[in-house]
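Everything below concerns the one structure shown next.
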Amino acid sequence: MASEKVETVIAGNYVEMERDEGDSKSTKSRFSKFFWHGGSVAQVLLTLPYSFSQLGLLSGILFQLFYGLLGSWTAYLISVLYVEYRTRKEREKWFEVLDGLLGKHWRNAGLFFNCTFLLFGSVIQLIACASNIYYINDSLDKRTWTYIFGACCATTVFIPSFHNYRIWSFLGLMMTSYTAWYLTIASLIHGQIEGVKHSGPTTMVLYFTGATNILYTFGGHAVTVEIMHAMWKPQKFKLIYLIATLYVLTLTLPSASAVYWAFGDLLLTHSNALSLLPRNGYRDTAVVLMLIHQFITFGFACTPLYFVWEKFIGIHYTKSVFKRALARLPVVIPIWFLAIIFPFFGPINSTVGSLLVSFTVYIIPSLAHMVTFSSASARENAVERPPPFLGGWVGSYCVNFFVVVWVFVVGFGFGGWASMLNFIRQIDSFGLFTKCYQCPPHKA
């Protein structure tokens, strides 16, 4: 019985969707689903100028375009596998897709990487909250702000399901758009600082650290299949995701380029772009909007972890909100603790990107697609065939092979080495539990 319980926990409903969400054909429903795609570039938006200072302007732009394309490709692969699985089995959830198509070992690997990614994604949101609020009120250090926002984010234990986040997610899109264009316009108005230098890239460590932060930027489809399950026509998700990626590029490319143009190498020691812009009402508005959005994203990342934990201890189906909230505390408290230990806003994004996003978003979907359609019968009976312009199955296989090799060698290999080395340097320079990471000295 114990083994059966564990199997159920691992394979079970990874995220909980409202059953009636896919039943509406209304324009309003399709409109809301277009914007609700589960990822967020909010905290990465503020660290992309930092990545540009590590990569240089040209490499920064090229890597954004490149990883945007790779992210859209793997989102396409996930959607193909999902439609294939629904056709074969008429079941749901991404990890059940892996289980049904390829077996429990694939499912377990996918669950491990995704849960760990969501865990540290929650940590990053909490660090971002403390980093941002400090630039409105520096009477408290960032560690103290982490205590405060950890308590605020812990209230997500009372939020039952993803359905409760839908309208907030749509508002989050507008918040991110405002902040991106504020960064762009404010940097252009500010102009270049005196003696500005644009010397990046200077070292291999900084170069690959910056590259993996961008890999993380376009790795936001951790709950892709659950979103597709809520759509009336999930086969259209791949087009929607591509459009969403193009929209993200209209936010990230101008803002990162403008901030890097204005401040150059100064960004190497200021991973949060907001720290360099003068304080005024526009900047304070951007900070407040980011705080709200990061709270929402914290809930997005934590909720799947809550569900997995609830199933593991056997209380997921209880009707008592209070009992479920208490049961969820062992999930949120370690996240709070990790954010206090490692408050390295920027470097932690690259580390998570190289060690976790590289697998959960890029490598596993590409390998899964290759293995699923490795046999002639599977290709012959496939619900959706690769696009002809790509060269059919051979072209698809080549692209998948390239994605796996590139991300494993460059993203996980070099990126993991550089990110971990940079992360260790932050520990050596600032220490664990540092009170105020990259805070300017107070004026007497």
Side-chain angles (χ1 to χ4, degrees), residues 40 42-50 53 122-157 168 171-172 175-176 178-180 182-183 185-187 189-190 193 255 259 262-263 266-299 302 332-349 423 426-444:
S40 171
Q43 81 286 350
V44 190
L45 185 71
L46 304 179
T47 61
L48 282 175
Y50 167 67
S53 69
S122 303
V123 172
I124 289 169
Q125 300 303 326
L126 192 48
I127 294 171
C129 285
S131 178
N132 288 339
I133 192 63
Y134 179 81
Y135 298 112
I136 287 183
N137 184 344
D138 61 1
S139 60
L140 299 176
D141 58 72
K142 291 182 181 179
R143 188 172 68 189
T144 303
W145 279 120
T146 305
Y147 294 142
I148 294 170
F149 275 96
C152 293
C153 289
T155 60
T156 58
V157 298
W168 296 107
L171 294 174
M175 297 172 189
T176 305
Y178 171 88
T179 304
Y182 160 73
L183 290 172
I185 296 169
S187 297
I189 292 174
H190 182 279
I193 60 173
S255 59
V259 177
F263 299 101
L266 192 58
L267 285 158
L268 288 170
T269 54
H270 294 76
S271 53
N272 189 332
L274 291 172
S275 66
L276 293 173
L277 291 164
R279 181 176 178 183
N280 53 41
Y282 296 109
R283 194 190 77 163
D284 287 356
T285 300
V287 171
V288 171
L289 292 178
M290 284 296 94
L291 288 173
I292 297 171
H293 189 46
Q294 282 151 356
F295 173 81
I296 296 166
T297 309
F298 182 93
C302 251
V332 76
I333 289 175
I335 291 171
W336 194 357
F337 189 60
L338 286 169
I340 295 167
I341 299 176
F342 306 115
F344 309 127
F345 189 57
I348 195 171
N349 288 3
F423 195 83
Q426 305 305 309
I427 297 174
D428 291 340
S429 300
F430 296 94
L432 301 176
F433 299 98
T434 182
K435 289 185 68 175
C436 215
Y437 178 66
Q438 290 187 342
C439 293
H442 276 281
K443 295 180 181 178

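Judged by distance alone, the side chain of Ser131 and the main-chain N or O of Ile127 form no donor-acceptor pair under 3.5 Å. Without hydrogens or angle criteria, Thr179 side chain to Met175 main chain gives a donor-acceptor distance under 3.5 Å. A donor-acceptor pair is defined here as one N or O able to donate and one able to accept, closer than 3.5 Å; such a pair exists between the side chain of His270 and the backbone of Leu266. Between the side chain of Trp336 and the main chain of Phe149, no donor-acceptor pair closer than 3.5 Å is present. Side chain of Ser429 to main chain of Gln426: no donor-acceptor pair is present (N/O by atom type, distance under 3.5 Å, no hydrogens or angles). Side-chain atoms of Ser53 come within 3.5 Å of backbone atoms of Tyr50 as a donor-acceptor pair (strictly under, hydrogens ignored).
Gln438 and Ser271 share a side-chain donor-acceptor pair at under 3.5 Å.
For Ala186, the side chain to side chain contact (heavy atoms under 4.5 Å, CB included) criterion is met by Tyr182, Leu277, not counting sequence neighbours. Scanning for ring-ring contact (aromatic ring centres under 6.0 Å, His included) contacts around Phe263 gives His190, with sequence neighbours left out. Scored by the side chain to side chain donor-acceptor pair (under 3.5 Å) test, Thr144 finds Asp141 as partners (sequence neighbours excluded). Remark: Tyr147 engages no residue in a ring-ring contact (aromatic ring centres under 6.0 Å, His included) (not counting sequence neighbours). Here Phe342 pairs with Phe423 under the ring-ring contact (aromatic ring centres under 6.0 Å, His included) rule; sequence neighbours left out.
For residues 284-293, the salt bridge (charged side-chain N to carboxylate O under 4.0 Å, His left out) pairs, not counting sequence neighbours, are Arg279-Asp284.
In this pair, Phe344 and Phe430 present their aromatic rings tilted. The plane angle is within the 30 to 60° band.
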